[in-house]
Amino acid sequence: MSDNADLYDGDGIMDSLPISSEVTYNWVDITGDFFKHIQDLQLGELLHDGHLFGLFEAMSAIEMMDPKMDAGMLCNRGNSKPLNFQQAVKAGTLKIDNIEPNELIGIIDATTACIVSWLEGHSLAQTVFTNLYLHQPHSIVNRTLKAYCIAVYKLLDCIRDCINKAQVFEEEDFQPMGYGYRLGSNPQMGVTNCDPSQEVNEQKCIAMLREQEEELNKKARSAGDESTDCWTGLAARIRLTRMLYQALLLITRRDSQAGADCVALLNGCSEMMKVVLKTAPLGTQPHENSDTPNPMGFEPQINQRLLPPTFPRYTKIKPRTEALQYVDELVARLRHAWKITSAPNFHTALDFFMDFSRQRACILSRSALQLLYLSPSPATTASMAQSAMNCPVGTPRPHHVFVEILRESVRDFVNPPALSAKSPMPTTPQSAMNCPVGTPRPHHVFVEILRESVRDFVNPPALSAKSPMPTTPQAREFVENFLARCVRPFAVLLQVCGHNRARQRDKLALLLDEFAALQEERDKLALLLDEFAALQEEAESVDAVVSGAAGTAPRACFGTWLLYHVLRIMVAYLLSGLELELYSVHEYHYIYWYLYEFLFGWLVSALGRATSLAAEGASRTDGKKGGCRKKRRGRPGARELLMCQIMQNMCGGYYKALVAFKLQGKIKTPLSQFDNEAVRYKHRFSPLAVLTPPQVHYHEYCEMTQPMQYENPVILYMGGCKHFLQARSLLETITVPDQEVQDLLKVCKTNFVVLKLLAGGHKRESTTPPEFDFSVHRHFPIIKLV
Amino acid sequence: MSNTAVLDTTSDSTKDIDVTDGKAKLMKWLNMNFRVEITDGRVLIGVFLCTDRDANVILGACSEYLKNSDGETEEPRVLGLVMVPGRHIVSIQIDDTTPPQKYFYDE
């Protein structure tokens with residue numbers, strides 16, 4: 001930040017820079033001559049110095065007066081020089097005492113609008129720090145405003161901390177630059193004059209806000225009818241600021257005992273937001289067509305000098321009502337994100353992450369979700385796992401203290417038979433007490449989460465307590481090593497789910513590479529486990545059932561678990577292309593074909609295999625106890641299996657419909673001289689190439705779909721129709737349909753009717769391309785005939 | 001590479017054969033400082049690099065000057081390479097550097 005020292009004085013006085021090398025020009029007007037001379041040029045002819053400047057360079061020029069490229073054109077009314085805090089106070093345009101409550105509401109709401117604009121990706125200097133009061137909060141006499149301004153600093157710091165820790169932002173989401181404003185402990189801007197006596201710590205800041213709350217509530221009670229609402233509204237704003245700050249502190253810093261507190265705080269925030277929204281019209285409102293979000297206290301140009309020269313001159317601050325709405329929704333999203341803390345296992349958590357991302361949450365709630373699930377964050381977990389892997393071979397990995405805690409807490413949640421009390425692994429029940437529901441899991445525990453995930457999914461003998469396998473130290477070590485290798489890819493997977501939707505696709509493609517490496521590792525593990533099982537069989541005369549299971553299952557168990565996740569990522573990758581509108585209509589058919597013929601099919605069989613393996617594992621352990629208890633809950637996998645079958649059917653429906661459209665010439669394809677389907681196919685599926693199951697190549701695609709080319713379109717439409725009907729009847733078996741199911745149902749019903757019409761010869765001769773409407777569902781469009 | 005070479009030779013040859021009077025004048029102005037005022041009141045100062053029949057002007061290393069209400073000019077904003085559409089040009093001035101240079105040589 002010291003680099004700003006020479007740009008900006010500590011006391012905030014904005015003098016123009018000393019004009020160092022004054023250039024004197026000798027301007028001669030040539031307007032007339034110029035416009036006369038250009039008449040001699042041919043139409044389309046460029047006059048330029050051919051050696052230094054050509055058409056290529058010309059292409060990269062910014063076009064002036066083009067609203068998209070010319071950032072300076074929107075706001076070029078001549079403004080007077082911006083006044084800084086002291087100048088504005090002296091000039092009487094900035095009140096620091098005797099501020100009316102409606103003015104305070106105006107200032108606070110405008111600041112909120114600035115914070116929201118910042119959270120939407122604008123720079124701090126052009127949003128929040130256009131508020132002059134924030135430049136010198138300690139010079140404000142009004143105690144309410146002073147406390148609020150100091151709290152804003154703390155709040156900004158906390159938000160930035162949260163977002164930085166989670167590492168799920170890109171430049172379009174968030175700008176962490178502070179521009180020399182010292183966030184956090186000392187709300188004083190500038191570097192030169194930090195006064196240690198003005199240090200405000202968290203407790204002091206919260207205490208200041210509390211004090212103001214009480215005072216404002218008193219004023220509200222004693223005031224006359226008219227101003228009561230104003231004071232109440234003001235008190236609500238101060239309370240909201242305090243509670244939001246405290247809640248974010250808990251999310252970011254993580255005191256383990258604070259689970260219930262955080263929920264209460266967020267609920268309180270929602271309550272306060274109701275009052276805030278109701279009292280918003282009472283505050284001073286910005287002038288119409290003005291750039292400042294409030295008549296008093298804001299100076300949009302004040303930080304211009306801190307920004308790079310090509311930066312836009314102004315940032316449009318979000319309108320106040322929209323901003324307050326945003327905060328209200330933000331609080332609701334944070335409350336929803338909190339639910340991750342009670343996710344019983346990794347699969348539920350992963351589903352939650354994906355679902356959360358689907359709702360296109362804001363950067364702050366996405367970051368909060370990351371931090372709430374793993375402490376410090378999946379990003380940190382991933383990088384720590386990476387550095388642990390880079391340790392030289394033979395270095396013992398640090399022992400994870402929290403491993404046992406989690407084992408215990410997971411047992412409380414799901415009670416898988418494999419983790420029966422007689423487990424040979426050391427358990428420390430009392431330590432589990434230290435890990436109440438709602439505590440974010442420390443990162444060491446991620447290995448345990450994954451272990452639980454495998455165990456829950458397929459219940460391999462190697463992880464089962466009763467099997468002889470874990471007692472073999474070597475076998476156990478191999479399993480541990482494998483799980484440790486899993487940490488990074490799976491932590492990154494969670495992190496990717498936190499990124500914005502558009503960025504997820506590329507990151508998924510990169511992640512597939514990591515999973516490919518993991519699959520190699522898994523193959524090694526399977527071989528080793530097989531060997532051990534064989535050795536064991538020779539050495540001991542074990543119960544036939546157990547040895548049989550131990551001999552065959554290990555390869556399948558870890559493989560199935562990993563395959564399931566790889567397939568899910570592949571599906572997510574292909575579907576994201578539809579959501580982001582990357583494919584053109586003439587490409588749809590092989591995308592849906594791939595999903596229908598392979599990915600969803602494989603997923604269905606992986607889930608089926610997992611269920612049977614898990615059941616096998618359960619009977620293995622339970623059987624020895626004489627089948628005393630069968631505690632396994634209804635598997636959540638059942639619904640997932642159903643959803644996969646539904647989507648497989650839908651993809652089949654689209655595929656057949658698309659082939660039929662093609663045969664009837666209803667789909668525009670590129671002219672053959674510009675077209676190479678093989679190249680496009682290869683490009684679309686290239687990230688899938690590194691993995692098992694191997695990619696299905698273009699020539700295979702051609703061979704497999706060859707017979708379709710001679711099919712009667714009517715039969716294809718009928719086939720598609722059947723698929724949608726099947727999907728629909730499967731959807732209708734779901735007893736508690738959520739929004740997703742209802743949307744899919746709507747799509748299935750409509751497409752069924754459309755394909756039925758087409759099969760009946762409706763618009764057979766028309767070559768107008770059908771429309772694909774993604775407004776109901778992001779991946780599965782409604783087919784429309786126009 | 002070969003393409004540009006061809007381009008260069010053709011432009012050279014046209015220059016030799018018939019460079020009309022206007023074109024020659026424009027050629028002389030290339031790589032000189034231009035001060036272009038545009039329709040919204042901003043003033044752009046940069047190096048004249050390119051133009052065409054519609055008076056679209058490309059300026060290199062361009063800075064944007066705004067006038068505020070008092071008529072005094074603010075600090076410039078550096079824009080780099082810009083293209084000013086001809087229809088938005090109000091006036092063009094050129095930095096005539098000949099007299100000081102002459103003076104320098106005389107001395």
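Here is how names work: the chains are called A, B, and so on, in the same order as the sequence lines, proteins then strands, and each is numbered from 1.
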Problem set entry | Heavy-atom side-chain proximity of B:Val82 to A:Glu63 below 4.5 angstrom | no
Problem set entry | Side chains of B:Ile38 and A:Met65 in contact at under 4.5 Å (non-hydrogen atoms) | yes
Problem set entry | Close side-chain approach of A:Tyr25 to B:Ile94, heavy-atom, < 4.5 Å | no
Seminar exercise, completed: Turns out that what part of B:Ile58 lies under 4.5 Å from chain A's heavy atoms comes down to side chain
Exercise. Taking side chain as C-beta onward, heavy atoms only, is A:Ile30 less than 4.5 Å from B:Phe34?
Worked result: yes
Exercise. Do any N or O atoms from the side chain of A:Asn26 and from the backbone of B:Asp96 form a donor-acceptor pair under 3.5 angstrom?
Worked result: yes
Exercise. What part of B:Leu59 lies closer than 4.5 angstrom to a heavy atom of chain A: side chain, backbone, both or neither?
Worked result: neither
Problem set entry | Side-chain H-bond candidate by donor/acceptor type, A:Asp49 with B:Asn31, under 3.5 Å | yes
Problem set entry | Region of A:Phe53 that comes under 4.5 Å of a non-hydrogen atom in chain B | side chain
Problem set entry | Which atoms of B:Ser63 approach chain A - backbone, side chain, both or neither, heavy atom under 4.5 Å | neither
For this session: Taking the side chain as every heavy atom from C-beta outward, state whether A:Met64 and B:Arg42 have any atom pair closer than 4.5 Å.
Result: yes
For this session: Go through A:Ile38 and B:Thr51 one step at a time and tell me if the side chain to side chain contact (heavy atoms under 4.5 Å, CB included) criterion holds.
Result: CA-CA 8 Å; A:Ile38 52 162; B:Thr51 190; 4.2 Å; yes
Problem set entry | Exercise: identify the closest heavy-atom pair between A:Glu57 and B:Leu81 | O-CD2, 3.3 Å
Exercise. Does B:Leu30 reach the side chain of A:Leu47, with side-chain heavy atoms less than 4.5 Å apart?
Worked result: yes
Exercise. Where does B:Val57 contact chain A at under 4.5 Å (heavy atoms): side chain, backbone, both or neither?
Worked result: side chain
For this session: Kindly check if the number of other-residue, nucleotide or ligand heavy atoms within 6.0 Å of CD (A:Glu288) is above 12?
Result: no
For this session: With the side chain counted from C-beta on, respond yes when A:His48 and B:Met27 share a heavy-atom pair under 4.5 Å apart, and no when they do not.
Result: no
Exercise. CZ/A:Phe34 to OG/B:Ser91 distance, rounded to the nearest 0.5 angstrom?
Worked result: 12.0 Å
Exercise. Side chains of B:Leu26 and A:Leu41: does their closest heavy-atom pair fall under 4.5 Å?
Worked result: yes
For this session: For each of B:Lys25, B:Met83, B:Glu37, tally heavy-atom pairs with chain A at distances under 4.5 Å, and name the one with the top tally.
Result: B:Met83
For this session: Evaluate the ring planes of B:Trp29 and A:His37, with Trp represented by its six-membered ring, and classify them as parallel (under 30°), tilted (30 to 60°) or perpendicular (over 60°).
Result: tilted
